[in-house]
Amino acid sequence: MNDLTDYDTIVLAGGAARRLGGADKPALSVGGRPLLDRVLAACPDAAITVVVGPRRQATRAVVHALEDPPGGGPLAALDAGLRHTTAPTVLVLSADLPFLTAATVRSLLEAATRTGGAAAPGGGSVPHGGHASREGHASHEGRASHECRAPRDGRTLHDGAMLQDASGRDQPLVAAYRAEPLRRELARVRAEHGTLAGLPLRALMAGLLLERVPDATTTASFDCDTWEDISAARARIREHGNVLDEWITAVKAELGIELDVDTAALLDLARDAAHGVARPAAPLTTFLIGYAAGQQGRDVQELTDRAAALAHRWAAEGAADADATGAGTKPAE
């Protein structure tokens, strides 16, 4: 086990989702998969995964926790999640990140666990105080001074690393933190305010020394706060350059298999066999069904039904969004 595998994950999946009319945001479907499941897929090797919020089904085993009081905000939720973790590093994620990738998670873990050079003005190793993309995230207001903690060799030991989006905004809910300073700062905030309920993230972030990790994908930090965001996410996965990869990923998740697929080779084979099939998702899906049946000894009809249901959800999203756009109403949940 190393620093990149010895970590736990906390997914904050509560909140009122007011800009979504109170919808159960983590359960909303993007590409036929709930937002929560898309986030969980980016951190499959976490030792413990805690989902904080109302109990929901998930594609893999998780620990369920609830903040005290329910709806008490991000700090109360983070505290509830931390109580179930034991690893030295904790990945903290919101549950509304449809394009978070395992590569981004690895980058955050690498940055959070390495020892870098001494912090310098204007460098990446500075106290957190940047502003954020959603309600309750840290802003330049409330910045606190922070003395770098350094080992005897003068190298700076960061408290963690968080993603920074393409516009330079900090994303403290797409971050990896060292557990000890995170617990320390939560205790400090509780002592200062008497509670964690209702407090913004900046109350915690001001006391942490965090490295910024630029969002190399430009989409890993995309979060879904509004129906317009949901529609944009659904539209993006259907773009020509993304749709087949997204579909294959969705089918594999639905069938419970992990397999590297050579899409180009399979498409060439399918084209030759079917004399230029117009719908390339069909042969790819049948291949995955066959693989799942052979590897797991499961019933082909059951797997076919599950994939067909996924395809219906996939198509229904597009139809519902198209109807909503024409009628000027919100998309279907």
Side-chain angles (χ1 to χ4, degrees), residues 3-5 7-13 15 25-26 28-46 49 51 58-60 74 78 81 89-114 124 128 130-138 158 160-177 201 205 210-226 228-239 241-250 252-253 258:
D3 289 339
L4 299 185
T5 57
Y7 74 96
D8 294 331
T9 295
I10 299 172
V11 181
L12 303 191
K25 181 164 62 171
L28 292 178
S29 176
V30 172
R33 302 161 63 201
L35 283 170
L36 175 60
D37 286 346
R38 296 181 72 94
V39 171
L40 292 176
C43 50
D45 51 357
T49 298
V51 177
T59 53
R60 60 183 174 87
L78 184 55
T89 305
V90 179
L91 182 70
V92 177
L93 304 169
S94 61
D96 60 351
L97 303 164
F99 305 120
L100 183 66
T101 65
T104 296
V105 167
R106 285 194 297 272
S107 295
L108 290 169
L109 292 170
E110 288 172 357
T113 56
R114 67 172 169 244
H128 172 72
H131 103 211
S133 64
R134 67 189 91 176
E135 295 177 15
H137 284 198
H158 301 129
M162 64 181 163
L163 201 64
Q164 190 174 67
D165 70 18
S167 66
R169 294 182 297 182
D170 292 337
Q171 304 293 325
L173 294 186
V174 193
Y177 300 93
L201 277 169
M205 296 295 113
L210 301 175
E211 181 171 342
R212 273 64 167 188
V213 176
D215 182 3
T217 68
T218 73
T219 56
S221 55
F222 181 90
D223 57 339
C224 294
D225 288 331
T226 66
E228 290 75 15
D229 294 335
I230 294 290
S231 292
R234 290 172 174 176
R236 184 183 183 280
I237 66 171
R238 289 181 171 80
E239 292 174 357
N242 302 320
V243 64
L244 284 183
D245 286 342
E246 287 283 353
W247 171 248
I248 291 168
T249 299
K252 290 192 296 183
E258 185 54 48

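Just so you know, these numbers come straight off a predicted model, no measurement behind them.
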To check you understand the geometry: which heavy-atom pair defines the closest contact between [X] and [Y], and what is its length?
X: P98; Y: V30; answer: CB-CG1, 4.2 Å
X: A13; Y: P26; answer: O-CG, 3.7 Å
X: V213; Y: A111; answer: CG2-CB, 3.6 Å
X: Q171; Y: S221; answer: CG-CB, 4.0 Å

Would you please name every residue forming a side chain to side chain donor-acceptor pair (under 3.5 Å) with T9, sequence neighbours left out? none
Residues forming a side chain to side chain donor-acceptor pair (under 3.5 Å) with D245, sequence neighbours excluded: none
Return the set of residues passing side-chain contact (heavy atoms from CB on, under 4.5 Å) with [X] (not counting sequence neighbours), or none when no residue passes.
X: A220; value: L100, T104, L163, D215, T217
X: A232; value: F222
X: A175; value: M162, Y177
X: T218; value: none

Enter the distance from [X]:[atom1] to [Y]:[atom2] here, rounded to the nearest 0.5 Å.
X: Y7; Y: L108; atom1: OH; atom2: CG; value: 10.5 Å
X: L35; Y: C224; atom1: CG; atom2: SG; value: 5.0 Å
X: R234; Y: E246; atom1: CZ; atom2: CD; value: 13.0 Å
X: D8; Y: L91; atom1: CG; atom2: CG; value: 10.0 Å
X: K25; Y: I230; atom1: NZ; atom2: CD1; value: 8.0 Å
X: I237; Y: T219; atom1: CD1; atom2: OG1; value: 12.0 Å

Is it true that R33 and T249 share a donor-acceptor pair across their side chains at a distance under 3.5 Å?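 The criterion, which ignores hydrogens and geometry beyond distance, is not satisfied for R33 and T249.
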In the structure I gave you, are the side-chain heavy atoms of L173 and L201 within less than 4.5 Å of one another anywhere?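 With C-beta onward as the side chain, the pair touches.
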Does any non-hydrogen side-chain atom of I10 lie less than 4.5 Å from one of L93?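 L93 vs I10: side chains apart.
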Counting distance only, does the side-chain N/O of D170 pair as donor-acceptor with the main-chain N or O of P172 below 3.5 Å? no
Expected output: side-chain R212 to main-chain L210 donor-acceptor under 3.5 Å: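 Yes.
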